[in-house]
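Below is one structure, written out as C-alpha cells; comments come after it.
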Amino acid sequence: MYIIFEEHQYAAEDVKVALHGISELQDIDHKVSVGYVGYYYEPAIPDCVFILPKVLLNDKDQLVIGPNTTIDPKEIITPEGQQKHLTQEYRKFLYEFAVWIYRTIAVYHQHKPDSQAIYYRRLPRSGKGMRHQANTYLDIILSLIQFNQENQDFFLYTVKNIHSGHNKINWTRTISQSEAILQNGTPVYLDPVNRKRQINFDEELFVIFFSILDYVNREYGFRTPINMQYELLTPSQFETYRKGYETRLKEIRYKYFSDKAVLLWELCYAFFDNTYLLAVNTENKEYLLAKKYNIIFEAMIDELIGTSHDKIPPGLADQDDGKQVDHMYTDLALTSPQNREVYYIGDSKYYKMSTALGKPSVSKQYTYARNVIQWNIDLWKDNEEGRQMKSETDKRFKDIRLRPDSPNEGYDIIPNFFLSAFVDDQPTYDRGTDAEGNDLNVKPREETYISTQFDNRLFDRDTLLLMYYDINFLFVVRMYARNKESEKAQWKAHVRTIFRKKIQEVLASKFQFYAFAPKPSTYAKGYMDKNLKKLIGKVFSPFANEEVFVLALENTENEQERQENEALLSELKKYFFITEREDYKLGQDPTQKLKKMGYTSGMKGPQQKKEELIIVFSIDKKVNDLEALMEGTAEEFLSGYKPNLMQDFSRIKYLAPFDNKPLLGAYKIESITLTNVTDNENPVRLLFKLGNYYRFKQPIGYMLPRAASAGHSRSPEDLARLIGDNTPYQTFDFLFDKPN
C-alpha cells in the first residue's frame with residue numbers, strides 16, 4: 001500500500017504515482033499537498049493508497065516512529081520504502097490504524113449521511129476479473145465483511161448439504177451388525193446404525209471465518225451479523241490460532257473445489273497473512289475520503305465530551321452573532337461541592353502535534369465565554385424577554401445562574417478550554433493510568449490563559465480562564481469508531497471529571513482560597529453592602545447556605561498587593577470565621593470546618609424562613625407628630641440615627657416606639673427603606689412604613705439609657721405574649737449605630 005499524509009508538502013515527482021488521478025495540482029515550487037484523509041484504490045498503480053491524518057506528524061512535519069526517532073514522510077510513500085524504513089511493529093500499527101480511520105469516517109457518514117465533508121464511492125469488492133496486489137489490513141477486513149453480506153445463500157446451502165441424511169438409518173449395516181428382539185412378531189433393533197459423519201472441512205473453514213468476523217466486530221466495532229450458529233473460537237483460542245494459522249490452513253487448502261469455498265479460504269488466509277490477491281473490476285476508482293477531517297475530529301470530540309447542539313438552547317452554543325461553540329455541556333461548578341452546575345465551553349484544534357495556539361484562537365474563545373455570560377444575564381432578567389427565554393429553555397440550562405442573587409455581586413467561573421490531539425512515539429490506543437490514578441490519555445498543557453479587566457478578581461464577569469489539554473488521538477479514534485453507547489457515556493462522565501479537577505488544580509496554583517461565614521454579631525449582607533468596593537470580584541457564595549462564602553486572593557510577588565491581601569484577611573477576621581488556606585480547597589463544602597470554629601448557621605438554606613424581630617426604638621424628640629406615633633395612629637416613622645448596614649433589617653417585623661415612658665404597644669412594619677435626608681451628621685436614615693398598631697395588654701416599664709444603642713430588641717417572649725402572638729421572637733442588639 002501507499003501512504004500519504006494530510007497537508008504534508010511533497011515534491012510533485014515523489015507522489016506522481018501515488019496521487020495519480022486524485023491530486024495532480026502543484027504550486028510554483030512544484031510541491032503537492034492533499035487536504036483529504038481516508039482510503040482509495042487507484043487502478044493505475046494498481047494498489048491502495050491511505051491518506052493519514054496530519055496528527056501523526058510533529059510541528060516540524062516529521063513522522064514520529066519511536067523515542068527521539070523521526071522520519072520524512074516521503075521515505076515511506078511506497079511499500080518498498082515502508083519495508084526499508086519502518087519496523088514490522090510500526091507497519092502493523094499503520095495497517096490497523098487505517099481500519100480505525102476508516103471506521104471514524106464511516107461512523108460519521110452514518111450519523112450525517114448528507115454531510116458534504118465525505119467523498120464516497122463503493123469500496124473494492126471481490127469477484128472475477130483482473131487481480132491486483134492489495135496487502136492492507138483494511139482491504140482484507142472489508143472483503144471479509146462483504147463476502148459475508150453477499151453469500152448467505154452459499155453458507156445455508158453448504159450447511160444443509162452437510163447435514164442432510166445424518167439421522168437416516170443404514171438398514172443393511174443395522175441388520176448385519178445389530179441384534180433384534182421380537183415384539184408381537186415384529187423385530188425391533190435397539191442399536192440402529194446411522195450414517196457416520198466424517199470430518200467436514202467446509203465447517204472448519206466456516207468456524208475460522210466467523211471467528212474472524214467476531215474478532216473484527218469485537219475489536220473494531222463493526223456490526224457484521226453472524227447468522228451461523230457455530231461454536232466460535234474464544235478470544236484466547238483465537239489468539240492461539242493466529243500464531244499457528246499457516247500450517248493448519250495450508251493443510252486444508254486443497255480440500256475445496258467450489259470457487260466460493262476457495263475464495264473464502266483465500267480471504268481467511270489473507271487476514272492472517274496480510275497478503276491477498278483481491279479480484280476487482282479495475283476500471284473504476286473506489287474510495288472513502290474525508291475532505292475536511294477537522295470536522296470529523298470535532299464530531300469525535302463532541303460525541304465523547306459534549307452535549308449535542310440540538311439539545312442546547314438557541315443562542316447559547318450557536319450564538320446570536322454567528323459564532324458556534326465546538327463543544328458545550330453543563331456539569332458541576334468548580335466552586336460547588338454538589339448540585340450547582342455551570343457551563344463548560346470547549347474548542348477542538350485539529351493541529352499537528354505540539355502546535356502552539358495563535359492569538360485569534362484565544363480571542364475567539366474569550367468571545368464565546370462573554371456571549372454565554374450575557375445569554376445567562378438575559379435569561380434571569382425580570383422582563384418579558386427573560387421570562388420568554390426561561391419558558392423555552394431546557395431545565396439543565398435555565399437552572400444555572402452565573403451571578404446568584406447575593407450581595408457580593410460575584411460571578412461563577414466558566415471553565416473554558418482547548419483540545420488538541422497527540423500520538424505517543426510508541427503508539428498505544430489506551431495509555432492507562434499512572435500510580436496516582438491519573439488518566440494518561442488526557443494531558444494538560446502548561447499553557448493557561450487568564451483575561452482580566454481588574455487584577456485579583458477571580459469572581460468577576462470580565463475574568464476569563466482558558467485551559468489547554470492534549471488528548472490521545474488513538475484513544476479518541478478507537479472510542480468513536482467502536483460506536484458503543486455505554487462505553488462512550490462512561491468515558492464522557494470520566495473525562496468531564498478530569499477537566500474539572502485539572503482546572504481546579506490550576507486555580508489552586510494561582511489563587512489562595514478561603515471559606516468564611518459570619519460571627520454571631522455580624523449580618524453578612526449588610527457587611528457586603530458596606531464593603532462592596534473592597535470585596536467585589538474576590539468573594540462568591542456558591543453554597544445553598546448563602547451565609548457561607550469563598551474568598552479568592554491572587555498569588556502575587558508584588559509586595560503592595562500582598563499587603564493589601566493580608567489587610568483584607570485581617571479585616572474579615574474581625575467579623576467572620578475564616579478557614580486557613582490549607583484547610584479549604586475550591587469545590588469543597590466548608591460548613592463543618594466553620595462550625596468547629598464557632599459558626600452557627602442563621603439559615604439552613606435559601607428556603608428557610610427568617611426569624612421575625614421586634615425593635616424597641618428610642619424616639620428623637622424632633623420627630624414630627626410624636627403624639628400620633630405614640631398613640632398608634634402614625635403611618636410612617638423616620639429614624640433619627642445612622643443605620644448599621646451590618647444588620648439585617650428585613651427581619652424586623654414590629655416597631656415599639658419608646659420615649660422614656662412605659663411601652664404601650666408596637667406597630668406591624670410594612671416596609672423599611674434607606675432614605676437620604678439633608679442632615680450633615682446622618683444623611684442616610686431608615687424610613688419605616690407602619691401598618692396595624694398592636695396595644696400591649698399592660699404597659700411595659702422599660703427604660704433605655706441614652707448612652708445605649710438607639711435600637712434594641714426587648715424580651716421577645718414578653719413582647720410576643722403582650723401582643724397575643726406566640727411567635728418565638730429573637731433578641732437582636734445594635735441595629736443602629738450609637739448616637740454621636
### Task
Measure from NZ or CZ of Arg496 to the centre of the six-membered ring of Tyr329 and say whether it is under 6.0 Å with the direction within 45° of the ring axis.
yes
### Query
Should the pair Lys323 and Tyr368 be classed as cation-pi, given the thresholds of under 6.0 Å to the six-membered ring centre and 45° from the axis?
no
[X] versus [Y]: any side-chain heavy-atom pair under 4.5 Å?
{"X": "Tyr351", "Y": "Asp59", "answer": "no"}
{"X": "Tyr10", "Y": "Ile4", "answer": "yes"}
{"X": "Phe422", "Y": "Arg431", "answer": "yes"}
{"X": "Ile450", "Y": "Leu466", "answer": "no"}
{"X": "Glu505", "Y": "Lys501", "answer": "yes"}
{"X": "Asp320", "Y": "Asn371", "answer": "no"}
{"X": "Ile471", "Y": "Leu304", "answer": "no"}
{"X": "His327", "Y": "Glu298", "answer": "yes"}

Donor on one side chain, acceptor on other, [X] and [Y], under 3.5 Å:
{"X": "Asp318", "Y": "His309", "value": "yes"}
{"X": "Lys260", "Y": "Asn151", "value": "yes"}
{"X": "Asn483", "Y": "Glu487", "value": "no"}
{"X": "Ser33", "Y": "His8", "value": "no"}
{"X": "Tyr36", "Y": "Glu7", "value": "no"}
{"X": "Asp425", "Y": "Asn68", "value": "no"}
{"X": "Gln9", "Y": "Asp61", "value": "no"}
{"X": "Tyr449", "Y": "Glu447", "value": "yes"}

### Message
Run Thr448 and Tyr468 through side chain to side chain donor-acceptor pair (under 3.5 Å) and show every step you take.
### Response
CA-CA 7 Å; Thr448 302; Tyr468 201 154; over 6 Å; no
Is the [atom1] atom of [X] crowded by more than 12 outside heavy atoms at less than 6.0 Å?
{"X": "Lys112", "atom1": "NZ", "value": "no"}
{"X": "Gln426", "atom1": "CD", "value": "no"}
{"X": "Lys292", "atom1": "NZ", "value": "no"}
{"X": "Lys74", "atom1": "NZ", "value": "no"}

Tell me if the aromatic rings of [X] and [Y] count as close, with their centers under 6.0 Å from one another.
{"X": "Phe155", "Y": "Phe210", "answer": "yes"}
{"X": "Tyr469", "Y": "Phe418", "answer": "no"}
{"X": "Phe50", "Y": "Tyr39", "answer": "yes"}
{"X": "Phe499", "Y": "Phe417", "answer": "yes"}

Closest heavy-atom pair and its distance - [X], [Y]:
{"X": "Val476", "Y": "Met300", "result": "CG1-CB, 3.9 Å"}
{"X": "Ala290", "Y": "Ile118", "result": "CB-CD1, 4.0 Å"}
{"X": "His85", "Y": "Ile71", "result": "CB-CD1, 3.3 Å"}
{"X": "Asp347", "Y": "Asp326", "result": "OD1-OD2, 2.6 Å"}
{"X": "Leu267", "Y": "Leu144", "result": "CB-CD2, 3.7 Å"}
{"X": "Leu19", "Y": "Tyr40", "result": "CA-OH, 3.6 Å"}

### Task
Test Tyr343 against every option in Asn416, Ile312, Val372, Val325 by the side chain to side chain contact (heavy atoms under 4.5 Å, CB included) rule and name the one that passes.
Val372
### Query
Nearest 0.5 Å, what's the CE-CD distance between Met479 and Gln490?
8.0 Å
### Task
Assess whether ring-ring contact (aromatic ring centres under 6.0 Å, His included) is satisfied between Tyr429 and Phe475, documenting all intermediate values.
CA-CA 5 Å; Tyr429 288 94; Phe475 183 89; 9.6 Å; no
### Task
Tell me, with the steps shown, if Tyr241 and Ser211 meet side chain to side chain donor-acceptor pair (under 3.5 Å).
CA-CA 10 Å; Tyr241 192 90; Ser211 294; over 6 Å; no
Can [X] and [Y] be counted as an ion pair, charged N to O under 4.0 angstrom?
{"X": "Asp14", "Y": "Lys16", "result": "no"}
{"X": "Arg445", "Y": "Asp470", "result": "yes"}
{"X": "Lys92", "Y": "Glu96", "result": "yes"}

### Summary
Hits for ring pair (Phe, Tyr, Trp, His ring centres under 6.0 Å) against His111, two or more places apart or cross-chain, chain-then-number order -> none
### Query
In terms of ring plane angle, is the pair Phe473 and Phe297 parallel, tilted or perpendicular, where the classes change at 30° and 60°?
tilted
### Task
Decide yes or no on side chain to side chain contact (heavy atoms under 4.5 Å, CB included) for Gln324 and Gln319, but give the supporting numbers first.
CA-CA 6 Å; Gln324 289 187 319; Gln319 299 179 346; over 6 Å; no
### Query
Under 3.5 Å, is there a donor-acceptor pair between the side chain of Gln62 and the main chain of Thr70?
no
### Task
Carefully, step by step, assess Phe209 and Trp265 under the rule ring-ring contact (aromatic ring centres under 6.0 Å, His included).
CA-CA 8 Å; Phe209 171 71; Trp265 182 93; over 10 Å; no
